[in-house]
Amino acid sequence: MLVLVTGATGKVGSNLIATFLADGRWSGSRVRALCHNRLLTETDRLEMVRGTISERTDVEKSMDGVTHVVHLATCKETPEDVMDVTVKGLFWLLETFRGSPTAQQFILIGGDAAVGHFFYDHPGPVTESTPHMAYKGCYALSKVLEEVTLQQFCIQYGLNACCLRAPWIMEKDDFRYTLSFGDDIFGGPDWKTMVAPDVAAKCRAAGTVPLLREAGGAPLKRNFVHVDDLVSAILAALGNPTTRSKLYNVCMDEPIDYGEVAAYLARTRKLDSIDIASSYHSNWMDNSKAKFELGWRPRYDLSRLIDDAWDYQRRPDDPRKIWYPG
């Protein structure tokens, strides 16, 4: 087995490669990483190709002899790049894959932006049958286009391909910094812009956390997945014949309830919370299909996600990346 990983230096890619290479089930298999900017150190089982998926020649070079593809490369709210990566890049990967004599399986990692996550009021659990519903911005549109493109290639050419749809992916102390009222916030909403500046300063100094409320006033529920659980789902799908032409929601068993987060942190860390009103909507991704067909189970629940994030000790060379999603 020779697995091509795009987006190999990112959060999911780096964890996937390390876990795969350490897993005895694939002791005789190799990984090829397609790297654009950041690079990896090659070993006897890890090789690197430098290039971009938007260039057909780079993709063809990367795909030579590959048996399995895990496509992770993506971009956020960058209109100048999103079509090259999402449309052209995925197209060249799939075109090359379908013409390859060695290609066996293609795995796409999608996102819940394809169904609008908390921007829309879903009438029931978000399943694999929920219609695509991009919210404003190019990132959500790109997630829709990825899933549709993969689906149509499966229909047109009978590819052995699947999509694992993940919500917001956490690792290390990510979740702690999703709740920051400072400039070190990870993701969004950007809490300090939703309260007066003096209130934001007091919240940051005291470690106060936001209790986000949905449009109806109840504490908002939002879906997350820990990177370890997503990696275990990818490995459960890798080489699994059940996945052909399938879409799977890969997430925690229950969405994170901001009211429960506030209560847990008050009880375990003595932290206060502050109500934050919003026009967002609670939603609940249903991961039953992945659990039933892949035999996969997420290990992270609310308490473990919080405790791991607050207990994590960041190294000086491990700065928090600030990211504002669309």
Side-chain angles (χ1 to χ4, degrees), residues 1-10 12-36 39-74 85 88-110 146-147 149-166 230-248 250 290 293-296:
M1 179 185 288
L2 175 57
V3 183
L4 174 66
V5 179
T6 71
T9 60
V12 182
S14 58
N15 280 280
L16 172 63
I17 290 172
T19 304
F20 178 84
L21 293 177
D23 193 322
R25 290 177 293 173
W26 291 285
S27 59
S29 300
R30 296 177 294 126
V31 174
R32 179 178 295 157
L34 175 55
C35 300
H36 183 41
L39 305 179
L40 295 174
T41 301
E42 294 187 306
T43 69
D44 59 335
R45 295 178 58 206
L46 173 61
E47 61 183 89
M48 182 184 64
V49 173
R50 189 163 190 177
T52 171
I53 60 173
S54 63
E55 294 294 333
R56 183 174 189 173
T57 54
D58 289 346
V59 172
E60 290 176 342
K61 179 172 61 175
S62 301
M63 284 287 295
D64 184 32
V66 163
T67 58
H68 298 71
V69 176
V70 180
H71 180 35
L72 297 163
T74 189
V85 173
K88 186 191 294 186
L90 181 56
F91 176 77
W92 289 136
L93 282 167
L94 292 171
E95 275 288 285
T96 307
F97 180 89
R98 75 180 183 88
S100 169
T102 59
Q104 298 177 24
Q105 184 188 34
F106 192 105
I107 300 175
L108 167 69
I109 307 305
E146 283 179 343
E147 290 191 8
T149 300
L150 185 73
Q151 178 192 54
Q152 293 306 310
F153 263 79
C154 289
I155 292 171
Q156 288 178 284
Y157 306 110
L159 294 191
N160 180 19
C162 70
C163 176
L164 305 184
R165 179 194 284 160
L230 177 55
V231 166
S232 71
I234 295 171
L235 295 182
L238 190 66
N240 189 333
T242 305
T243 67
R244 192 182 191 102
S245 302
K246 299 287 185 65
L247 167 65
Y248 297 96
V250 176
E293 294 193 4
L294 303 180
W296 167 83

Could you check whether any side-chain heavy atom of L93 comes within less than 4.5 Å of a side-chain heavy atom of F106, counting everything from C-beta outward?
yes
Mark yes or no for whether T52, through its side chain, and E55, through its backbone, hold a donor-acceptor pair below 3.5 Å.
no
Find the distance between CG (L21) and OG (S27) and round it off to the nearest 0.5 Å.
11.0 Å
Verdict with supporting geometry, E95 and F153, side chain to side chain contact (heavy atoms under 4.5 Å, CB included):
CA-CA 9 Å; E95 275 288 285; F153 263 79; 3.6 Å; yes
Search all heavy atoms of E42 against all heavy atoms of M48 and return the closest pair with its distance.
OE2-N, 2.6 Å
Indicate the atoms forming the closest heavy-atom contact of C35 with T9, along with that distance.
SG-CG2, 4.1 Å
State the CG-OG1 distance between D23 and T19, to the nearest 0.5 angstrom.
8.0 Å
Check for a donor-acceptor pair, side chain of S100 on one end and backbone N or O of T96 on the other, with a separation under 3.5 Å.
no
Closer than 3.5 angstrom, by distance alone: can the side chain of R244 be matched with the main-chain N or O of G158 as a donor-acceptor pair?
yes
Gap separating the CG atom of D64 from the CZ atom of R32, nearest 0.5 angstrom:
6.0 Å
Compare all side-chain heavy atoms of L247 with those of Q151 and state whether any distance is below 4.5 angstrom.
no
Heavy-atom pair of closest approach, residues K88 and S54:
CD-O, 3.0 Å
With rounding to the nearest 0.5 Å, note down the distance linking CG in N240 to CD in E293.
9.0 Å
Backbone of V66 reached by a side-chain donor or acceptor of T102 within 3.5 Å:
yes
For C163 and G110, which heavy atoms make the closest approach, and how far apart are they?
SG-N, 3.9 Å
Below 4.5 Å, heavy atoms only, C-beta onward: do L40 and I17 meet side chain to side chain?
yes
What is the distance from atom CZ of R30 to atom CG of L4, rounded to the nearest 0.5 Å?
12.0 Å
Do you know the tightest heavy-atom contact between K246 and T242?
NZ-O, 3.1 Å
I want to check something: taking the side chain as every heavy atom from C-beta on, are V85 and I53 in contact at a cut-off of under 4.5 Å?
yes
Taken to the nearest 0.5 Å, the spacing of L34 CG from M63 CE works out to 10.5 Å
Any donor-acceptor N/O pair, Q104 side chain to T67 backbone, under 3.5 Å:
no
Decide yes or no for F91 and V59: does some side-chain heavy atom of the first lie under 4.5 Å from some side-chain heavy atom of the second?
no
Got a donor-acceptor contact below 3.5 angstrom from the R45 side chain to the V31 backbone?
no
Using distance only, find each side-chain donor-acceptor pair of residues 230-238 under 3.5 Å and give its atom names and separation, not counting sequence neighbours.
residue: S232; atom: OG; partner: D229; partner atom: O; Å: 2.8
residue: S232; atom: OG; partner: W296; partner atom: NE1; Å: 2.9

Determine whether T243 and Y248 make a side-chain contact, defined as any pair of heavy atoms from C-beta on separated by less than 4.5 Å.
yes
Nearest heavy-atom approach of L150 to A161 is CD1-CB, 3.7 Å
Side chains of H71 and T6: do they bring a donor and an acceptor to under 3.5 Å?
yes
